[in-house]
Protein chains: 2
Amino acid sequence: MFRRYLKAQSLRYTAERADILAAVMETDGLFDADSLLMEMRGQNSSDVSKATVYRTLRLLQDAGIIMPFMLLDAKVTHYQLAYGRRPSDYIVCMQTGRFEPIDCDEVVRLRNRLAEERGWQAVGHRFVVYGVSPEAASDASLESPAQ
Amino acid sequence: MFRRYLKAQSLRYTAERADILAAVMETDGLFDADSLLMEMRGQNSSDVSKATVYRTLRLLQDAGIIMPFMLLDAKVTHYQLAYGRRPSDYIVCMQTGRFEPIDCDEVVRLRNRLAEERGWQAVGHRFVVYGVSPEAASDASLESPAQ
DNA sequence: GTCGGTGCAAATGCTTTGCATTGAT
DNA sequence: ATCAATGCAAAGCATTTGCACCGAC
């Protein structure tokens with residue numbers, strides 16, 4: 001799929017790109033350029049430079065294989081695989097930062113309907129619920145928010 | 001509200017913070033540090049430094065008055081007011097980058113239910129639908145995405 | 001043999017921070 | 001008077017880019 005995309009664009013399928021693709025395919029959930037690189041180095045793959053990781057992540061995004069996923073207050077760009085039954089939805093604790101995936105068909109149906117109503121064609125979506133996790137709620141070390 | 005928050009934290013309510021708060025309250029939709037600063041300079045407000053804008057935006061976020069909103073591929077942090085009937089939902093064109101707000105009660109109901117089911121307390125949410133806008137769909141200058 | 005890819009290091013650009021001065025309380 | 005806030009300029013840091021060499025086609 002990536003190979004096909006590259007060929008269509010007259011781009012080359014190199015060992016580095018193959019390694020990065022393999023590492024990406026093994027991810028489960030969110031990842032970023034740096035965590036991916038560490039993962040690759042921890043394993044075995046030929047040592048790929050950071051610049052190439054960034055360049056290849058961009059290609060993978062253009063190819064529709066991964067999609068960026070912006071987390072609240074994140075300083076780095078997170079990605080996840082764009083296809084298959086990957087969670088597009090998360091619930092994030094505003095106090096601890098802990099997050100967990102949500103798997104919910106209704107969100108997909110809703111997004112399709114909303115797009116259709118406007119004459120758009122839905123391709124994907126991101127749904128992030130911000131809230132207070134059970135652990136945080138029982139921790140009284142924070143005063144109540146201003147709202 | 002901001003003032004109350006500052007007092008509670010033994011922080012000071014300064015002219016700069018008042019100006020920034022005022023500018024923030026006038027925003028409609030998304031803004032970022034730089035656009036806010038330009039807006040303020042275009043108007044009249046005392047000339048506030050960029051550093052102070054960043055510092056104050058952080059405080060406003062801590063106070064629960066604004067919330068960050070990460071857009072796909074954005075290089076800067078976007079914010080919007082955290083309360084009131086502000087759109088938390090957008091539909092973004094993956095080809096042109098154009099986006100428009102969605103206003104939909106069902107999303108709020110859905111997020112509340114999802115949080116509740118997990119023992120969380122929902123505070124806010126972000127819902128972004130990625131798709132193809134009508135203009136882009138009729139423009140054949142882009143090949144179809146790999147997915 | 002072409003022309004795109006890679007690694008390195010330097011550059012970019014948003015955001016943060018150190019420090020001396022200013023100002024709210 | 002205190003002690004935090006501001007402005008400036010200098011960091012920081014993720015990401016991008018220029019360039020010389022390398023390698024897929």
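On a predicted model such as this, the values are computed, not experimentally measured, just so you know. Chain letters run A, B, ... following the sequence lines, proteins first, then strands; residues in each count from 1.
An OP1 or OP2 oxygen of dC14(C) is reached within less than 4.0 angstrom by no side-chain nitrogen or oxygen of Thr77(B). Taking only side-chain nitrogens and oxygens, Thr14(A) comes nearer than 4.0 Å to OP1 or OP2 of dT6(C). For the OP1/OP2 pair of dG7(D) and a distance below 4.0 Å, the side-chain nitrogens and oxygens of Thr52(B) include at least one atom meeting the criterion. Of the side-chain N and O atoms in Tyr54(B), none sit less than 4.0 angstrom from OP1 or OP2 of dT16(C). At least one side-chain nitrogen or oxygen of Arg17(A) sits closer than 4.0 Å to the OP1 or OP2 atom of dT6(C).
In this entry the distance linking CZ of Arg3(B) with P of dA24(C) reads 11 Å, nearest Å. The distance between atom CG of Leu57(B) and atom P of dT6(D), rounded to the nearest whole Å, is 12 Å. Taking atom CG on Asp32(B) and atom C1' on dC14(C), their separation rounds to 10 Å, with Å as the unit. One atom, NZ of Lys50(B), and another, P of dA10(D), lie 16 Å apart when rounded to the nearest Å. Spacing between atom CG of Leu11(B) and atom P of dT2(D) amounts to 20 Å, rounded to whole angstrom units.
With the nearest nucleotide of DNA chain C identified for both Arg12(B) and Arg58(B), Arg58(B) has the one nearer the 5' end. Comparing Tyr13(B) and Ala33(B) along DNA chain C, the residue whose closest nucleotide (by nearest heavy atom) sits nearer the 5' end is Ala33(B). When each of Val53(B) and Lys75(A) is assigned the nucleotide of DNA chain D with its nearest heavy atom, Val53(B) is the one assigned upstream, toward the 5' end.
Under a 3.5 Å cut-off, the side chain of Arg17(A) and the backbone N or O of Arg12(A) do form a donor-acceptor pair.
A salt bridge does not link Arg111(A) with Glu116(A): none of the charged nitrogens is closer than 4.0 Å to a carboxylate oxygen. Note on Lys50(B) versus Asp34(B): salt bridge recorded, some NZ/NE/NH1/NH2 to OD/OE distance being below 4.0 Å.
Contacts of Arg55(B) with the nucleic acid, taken as non-hydrogen atoms under 4.0 Å apart, include base atoms.
When each of His125(A), Gln80(A), Arg126(A) is paired with Met67(A), the side-chain contact (heavy atoms from CB on, under 4.5 Å) condition holds for Arg126(A) and for no other.
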